[in-house]
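Report on the structure given below.
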Amino acid sequence: MLDMKFVRTNIEKIRHCLINRNSSTLILDELVTLDEKRRDILKKVEDIRSLKNTNSKAVARLKAQGDEEALRQNIENGKLLNQQSEELEIQLKQLDEQYMQRLLYIPNIYDEDTPIGKDETFNPEIRRIGVPRKFDFEPKPHWEIGSELNGLDFDRGSKLSGSRFTIMKGDFARLERSLGAFMMDLHSSEHGYTEVMPPHMVLRETITATGQLPKFEEDLYNTKGDDLFLIPTSEVALVGMHRDEILELKDLPAKYCGYSPCYRREAGSYGKDVRGVIRQHQFDKVELVWHTIPERSADDLETLTSHAEKVLKLLELPYRVIRLCSGDLGFGAIRTYDIEVWLPSYNAYKEISSCSNDGDFQARRGNIRFRDKDNKLKYVHTLNGSGLAIGRTLVAIVENYQTSDGKIKVPDVLIPYMKKEYIG
RNA sequence: GGAGAAGUAGUCUAAUUGGCUAAGGCGUCGGUCUUGAAAACCGAUGGGGUUAAUAGCCCCAUGUGGGUUCGAGUCCCACCUUCUCCGCCA
């Protein structure tokens, strides 16, 4: 959520930002109009409230003095004022709701140096690490290897739960579990994160804070009787943990790594990534979240990204880092780096992590503050990044580490977890 | 699920049968004093509107939402959370 005071004085800047994000500017115009109306009514409401307060105080005084006639008059006056304010109070309440509804739909303002572009083809590459392996045989896609080794069961997955659900079995299940443990170990032991196992269902307010609601409700699963939402990422929980809190400067930055399944309806992605387990309704992910101070959030994003990259370096998987252009940025992000891993089946780099600085956007929605060194209350900045998406990491290992005789070599760092050198 | 108790500001705690500015302690920040510091004393401490303004003035904020009333921390209703006890359960 943007600061309304900022919106009032930067309308054109926000308009440009919305255009470059491929967002409608209609909502901005509505917001500005509603804000003006709201403040106009607010002024009137406050004036009457002031009169009511004065009147009530007079009642108490007159009662003490025992002036019956004046007392009666004042009580009558109070009733009259109530009648006058009733209509205005209702109007104000409605305007407040309408105004907030607009404000919650405005995306964040991106960094000044953000590359402008309408889609992902405008995302510049920042760096490229490792070289894709040259195969001396025809490499197979992971869905073939997974089926042949009886590790990925697509048919039974859809029998259980419908499309985009897959059962992992045997060493594939173990690899999934090993990767999660390996990533959590790395981030908690080497990178200084606090390990978190969050709830998988959260309240509407929680997920509104991170920005998925109200605008993207159709992308979420929710429960029928309780209005709880299945988390699409543990970011929701790791950010939401500090909702309505005031953090101490000495505790910042607060760094959390969370391990959870992510549940996504993938509305609007029909026909995309239909083969294999690249795009599922449920996948495991290790997520990194920082609550930090505004002055250092830009540097912290670089650090967080390097932590995600470290996983790929240790697994010796080739990858590249790209910067998201204006049109490809997420709703709350001011700056995002995507990490893409090399997938032989795609003959391309495929997203495996997205690291973003959301500035004070989420903190404002979730009311997450800290006291700065001058004792002033300020909103924290929140950062989030996958470290990494486990299913896609599994895919990358299966495809990049396959052997000519149909096996998968286990990356060295995973051998202690897998307790074997080959799958298959 | 049942019974009972509680929820006040950054934090801890008060507030008569509804009434005048939600009192006070602690913490933190600023100031006075000091060579410096501590202590002491003074002031400040959340959100919003108005404004050139961190000046004034005003509104809101006692878990949340309603209700009664000229007026609600206080009375009434519903809900949420926490604690205690009972029941059920991996």
Side-chain angles (χ1 to χ4, degrees), chain A residues 1-10 31-104 197 199-209 223 225-229 237 240-252 254 291 293-294 360-361 363-380:
Chain A
M1 184 166 70
L2 299 178
D3 180 0
M4 194 58 216
K5 280 187 232 167
F6 173 84
V7 176
R8 278 177 213 141
T9 47
N10 292 277
L31 175 67
V32 171
T33 308
L34 282 166
D35 176 55
E36 280 172 18
K37 261 194 216 163
R38 185 184 132 268
R39 281 186 293 156
D40 181 46
I41 300 294
L42 181 63
K43 184 83 179 67
K44 290 177 180 161
V45 165
E46 286 188 354
D47 285 346
I48 291 192
R49 281 181 188 165
S50 182
L51 289 174
K52 280 161 72 171
N53 287 341
T54 312
N55 189 67
S56 291
K57 282 170 195 166
V59 170
R61 200 178 56 243
L62 292 168
K63 204 172 182 179
Q65 290 169 359
D67 188 339
E68 290 293 329
E69 179 53 31
L71 182 64
R72 229 181 347 264
Q73 263 183 24
N74 267 65
I75 288 174
E76 285 310 309
N77 191 38
K79 286 179 183 172
L80 203 66
L81 285 168
N82 275 345
Q83 280 172 20
Q84 286 174 19
S85 67
E86 196 176 6
E87 175 69 16
L88 283 170
E89 294 276 3
I90 292 167
Q91 266 188 56
L92 179 64
K93 200 175 170 187
Q94 286 171 347
L95 282 167
D96 265 336
E97 282 168 14
Q98 291 168 7
Y99 148 89
M100 188 51 71
Q101 196 61 15
R102 301 305 186 287
L103 196 53
L104 287 172
M197 294 290 248
H200 298 173
M201 289 181 277
V202 296
L203 298 169
R204 187 173 279 275
E205 301 92 283
T206 303
I207 203 160
T208 300
T223 60
D226 309 284
D227 205 32
L228 287 171
F229 291 83
M241 281 199 300
H242 290 309
R243 195 154 57 79
D244 292 321
E245 286 185 22
I246 293 170
L247 304 175
E248 299 221 26
L249 193 55
K250 67 174 171 57
D251 296 327
L252 297 178
H291 297 253
I293 59 174
D360 65 8
F361 190 79
R364 203 178 284 282
R365 294 166 83 103
N367 195 30
I368 307 170
R369 297 175 294 172
F370 73 103
R371 261 182 213 286
D372 73 2
K373 54 184 186 298
D374 297 321
N375 205 35
K376 294 284 177 215
L377 285 174
K378 286 186 178 162
Y379 291 107
V380 300

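Worth saying up front: this structure is predicted, and the values here are computed from it rather than measured. Labels below follow one simple rule: chain letters A, B, ... track the order of the sequence lines, proteins then strands, and each chain is numbered from 1.
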Validation: residues 87-99 of chain A side-chain donor-acceptor distances under 3.5 Å, sequence neighbours left out:
unit_1: A/Glu89; atom_1: OE1; unit_2: A/Arg49; atom_2: NH2; d: 2.9
unit_1: A/Glu89; atom_1: OE2; unit_2: A/Arg49; atom_2: NE; d: 3.1
unit_1: A/Asp96; atom_1: OD1; unit_2: A/Arg38; atom_2: NE; d: 2.9

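At the heavy-atom level, A/Arg369 lies under 4.0 Å from the strands shown only through sugar-phosphate atoms. Here A/Asp47 lies out of heavy-atom contact (under 4.0 Å) with every strand. Within the 4.0 angstrom heavy-atom criterion, no nucleotide atom of any strand lies near A/Lys44. Among the atoms of the strands shown, base atoms are found under 4.0 Å from some heavy atom of A/Lys63. Residue-level contact check: A/Asn77 touches neither bases nor backbone, having no heavy atom under 4.0 Å from any strand. Using a 4.0 Å heavy-atom criterion, one finds that A/Leu81 contacts no nucleic acid atom at all. If you check every strand for non-hydrogen atoms under 4.0 Å, A/Arg364 touches nothing. Among the heavy atoms of the strands, none lies under 4.0 Å from A/Arg61.
When the C1' atom is compared between B/U13 and B/G24, the two are found 8 Å apart, to the nearest whole Å. Remark: the separation of the P atoms in B/A3 and B/C77 is 15 Å, to the nearest Å. Using P as the reference atom, B/A6 and B/U74 are 14 Å apart when rounded to the nearest Å. For the P atom pair drawn from B/C59 and B/C20, the interatomic distance equals 15 Å after rounding to whole Å. Remark: the separation of the C1' atoms in B/A9 and B/G71 is 23 Å, to the nearest Å. The P atoms of B/U21 and B/U32 are separated by 33 Å, rounded to the nearest whole Å. Of the C1' atoms belonging to B/G7 and B/A14, the separation is 15 Å, rounded to the nearest Å. The C1' atoms of B/G2 and B/U8 are separated by 30 Å, rounded to the nearest whole Å.
Looking at heavy atoms from C-beta onward, A/Ile246 lies in side-chain contact with A/Leu377 at the 4.5 angstrom threshold. Taking the side chain as every heavy atom from C-beta outward, A/Val202 and A/Leu228 never approach each other to under 4.5 Å. Annotation: side chain of A/Leu104 is in contact with side chain of A/Met1 (closest heavy-atom distance under 4.5 Å). For the pair A/Phe229/A/Thr223, no side-chain contact is recorded, criterion being any heavy-atom separation below 4.5 Å from C-beta on. Contact annotation: the side chain of A/Asp40 approaches that of A/Lys44 to within less than 4.5 Å [non-hydrogen atoms, C-beta and beyond].
Residues passing the salt bridge (charged side-chain N to carboxylate O under 4.0 Å, His left out) test with A/Lys43, sequence neighbours excluded: A/Asp47. Residues satisfying the side chain to side chain contact (heavy atoms under 4.5 Å, CB included) criterion with A/Ala237, sequence neighbours excluded, are A/Pro198.
Taking the nucleotide of RNA chain B with the nearest heavy atom to each of A/Lys57 and A/Asn82, the more 5' of the two is matched to A/Lys57. Between A/Gly78 and A/Lys376, the residue anchored closer to the 5' end of RNA chain B is A/Lys376, taking for each the nucleotide with the nearest heavy atom.
When the shell of 6.0 Å around CE of A/Met4 is examined, it contains more than 12 heavy atoms from other residues, nucleotides or ligands.
When RNA chain B is scanned 5' to 3' for any atom under 4.0 Å from a heavy atom of chain A, the first and last hits are B/G10 to B/G71.
For the salt bridge (charged side-chain N to carboxylate O under 4.0 Å, His left out) condition, no pair includes a residue of residues 240-250 of chain A, sequence neighbours left out.
Where pairing requires Watson-Crick or G-U contacts shorter than 3.5 Å, the helical stems of RNA chain B with at least three consecutive pairs are B:1-7 with B:80-86, B:10-12 with B:24-26, B:27-32 with B:40-45, B:46-50 with B:56-60, B:63-67 with B:75-79.
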